[in-house]
Amino acid sequence: MSTLSLLKKNMISALNPVENKLCLLSDPKSLLSLESWINSLCETYSIRAELYGNILIALSEAVNNAIIHGNKNIVDKEALVEACFSDNLLIFTVTDQGEGFNFLNLPDPTLPENLEKPQGRGVFLMNHLSDGVVYQEPGNAVEISFNI
């Protein structure tokens, strides 16, 4: 992690009592804690209401992917969510304890052969609801950014 990244992460906790990290067990019930944490962040930093829904859905999809696909629903494994504010950018990083995945080879959920599949829309939603999605090697961490 770069020195600038460390400074930014420390700045959020030094300037405001809202915690910039959330550690979640790999249990679907953890999404309730995520929602509460997002609510606190958005309220504290006056994130506009129209952006709140996009943040909530995109992060819920990322954490759900971390729990189900990354950590394979192993409750002892954790998903870490971090928030970093910089200028007019809000960046969330979601990291799981899995082996990662090939993020360059994802099926398009809008193709006719994929429309009826029950899974496969999380990454699509993350890409369309945020201003940027960047995966980190080996594919067990994702940065989701929003212009604020």
Side-chain angles (χ1 to χ4, degrees), residues 1-13 18-42 45 47-48 50-148:
M1 181 175 298
S2 72
T3 305
L4 182 57
S5 294
L6 286 171
L7 286 173
K8 288 178 185 175
K9 288 180 186 232
N10 289 334
M11 283 176 29
I12 186 173
S13 59
V18 172
E19 186 64 39
N20 70 319
K21 292 182 183 181
L22 179 66
C23 195
L24 301 167
L25 293 177
S26 291
D27 181 341
K29 294 177 187 169
S30 295
L31 291 174
L32 296 173
S33 297
L34 175 69
E35 183 176 355
S36 177
W37 182 72
I38 292 169
N39 288 341
S40 295
L41 279 174
C42 287
Y45 294 101
I47 303 299
R48 60 187 194 278
E50 340 38 273
L51 190 54
Y52 164 79
N54 290 357
I55 292 170
L56 181 62
I57 293 169
L59 282 181
S60 294
E61 291 295 338
V63 168
N64 208 32
N65 285 346
I67 290 172
I68 295 169
H69 302 294
N71 292 341
K72 310 286 187 216
N73 288 313
I74 299 171
V75 178
D76 293 338
K77 290 190 174 187
E78 298 174 336
L80 177 64
V81 185
E82 299 176 90
C84 176
F85 291 85
S86 173
D87 298 320
N88 292 326
L89 196 61
L90 171 55
I91 302 170
F92 292 97
T93 304
V94 178
T95 307
D96 63 57
Q97 294 180 309
E99 296 176 10
F101 76 107
N102 183 355
F103 49 86
L104 299 174
N105 189 24
L106 293 172
D108 182 348
T110 64
L111 292 177
E113 63 268 21
N114 296 328
L115 289 177
E116 308 242 350
K117 291 183 179 177
Q119 294 182 340
R121 289 168 185 74
V123 172
F124 177 82
L125 287 170
M126 290 163 38
N127 281 317
H128 284 79
L129 295 174
S130 71
D131 294 302
V133 175
V134 177
Y135 292 93
Q136 299 171 2
E137 292 288 346
N140 69 333
V142 61
E143 289 183 359
I144 305 169
S145 59
F146 298 89
N147 294 324
I148 53 173

Check against side chain to side chain contact (heavy atoms under 4.5 Å, CB included), Ser60 and Leu34
CA-CA 7 Å; Ser60 294; Leu34 175 69; 4.0 Å; yes
Would you compute the distance between atom [atom1] of [X] and atom [atom2] of [Y] and round it to the nearest 0.5 angstrom?
{"X": "Asn39", "Y": "Tyr52", "atom1": "CG", "atom2": "OH", "answer": "3.5 Å"}
{"X": "Ile91", "Y": "Glu82", "atom1": "CD1", "atom2": "CD", "answer": "11.5 Å"}
{"X": "Leu90", "Y": "Phe92", "atom1": "CG", "atom2": "CZ", "answer": "4.0 Å"}
{"X": "Leu56", "Y": "Leu129", "atom1": "CG", "atom2": "CG", "answer": "10.0 Å"}
{"X": "Asn71", "Y": "Asp27", "atom1": "CG", "atom2": "CG", "answer": "12.0 Å"}
{"X": "Glu78", "Y": "Cys23", "atom1": "CD", "atom2": "SG", "answer": "3.5 Å"}

Is Arg121 reaching over with its side chain to a backbone N or O of Leu115, donor-acceptor style, under 3.5 angstrom?
yes
For the pair Ser40 (side chain) and Ser36 (backbone), establish whether a donor and an acceptor sit closer than 3.5 Å, ignoring hydrogens and angles.
yes
Atom CG of Asp108: over 12 foreign heavy atoms under 6.0 Å
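Count over threshold, so yes.
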If you count the non-hydrogen atoms of other residues, nucleotides and ligands that lie under 6.0 Å from CD in Glu99, is the total more than 12?
no
Evaluate the side-chain proximity of [Y] to [X]: yes if any heavy-atom separation is below 4.5 Å, no if none is.
{"X": "Leu41", "Y": "Ile55", "value": "no"}
{"X": "Leu25", "Y": "Ser30", "value": "yes"}
{"X": "Asp96", "Y": "Asn140", "value": "yes"}

Walk me through it: do Ile67 and Asn73 pass the test side chain to side chain contact (heavy atoms under 4.5 Å, CB included)?
CA-CA 5 Å; Ile67 290 172; Asn73 288 313; 3.5 Å; yes
Would Gln136 and Glu143 satisfy side-chain hydrogen bond (donor to acceptor under 3.5 Å, both in side chains), going step by step from the backbone distance to the final call?
CA-CA 8 Å; Gln136 299 171 2; Glu143 289 183 359; 2.9 Å; yes
Hey, mind stepping through Leu24 and Ser33 against side chain to side chain contact (heavy atoms under 4.5 Å, CB included) and telling me if it holds?
CA-CA 8 Å; Leu24 301 167; Ser33 297; 3.8 Å; yes
Give the ring-plane orientation class for Tyr135 versus Phe103, where under 30° counts as parallel, over 60° as perpendicular and anything between as tilted.
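Tyr135 vs Phe103 ring planes: parallel.
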Taking the six-membered ring for Trp, are His128 and Phe124 parallel (under 30°), tilted (30 to 60°) or perpendicular (over 60°)?
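The arrangement is tilted - the two ring planes meet at 30° to 60°.
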Shortest non-hydrogen separation from [X] to [Y] and the atoms involved:
{"X": "Leu89", "Y": "Ile148", "value": "N-CG1, 3.9 Å"}
{"X": "Ser130", "Y": "Ile144", "value": "CB-CG2, 3.5 Å"}
{"X": "Ala58", "Y": "Met126", "value": "O-CG, 3.5 Å"}
{"X": "Phe85", "Y": "Ile47", "value": "CE2-CD1, 4.2 Å"}

Out of Thr95, Ile38, Val63, which residue meets the side chain to side chain contact (heavy atoms under 4.5 Å, CB included) rule with Val81?
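It is Val63; the other options fail the test.
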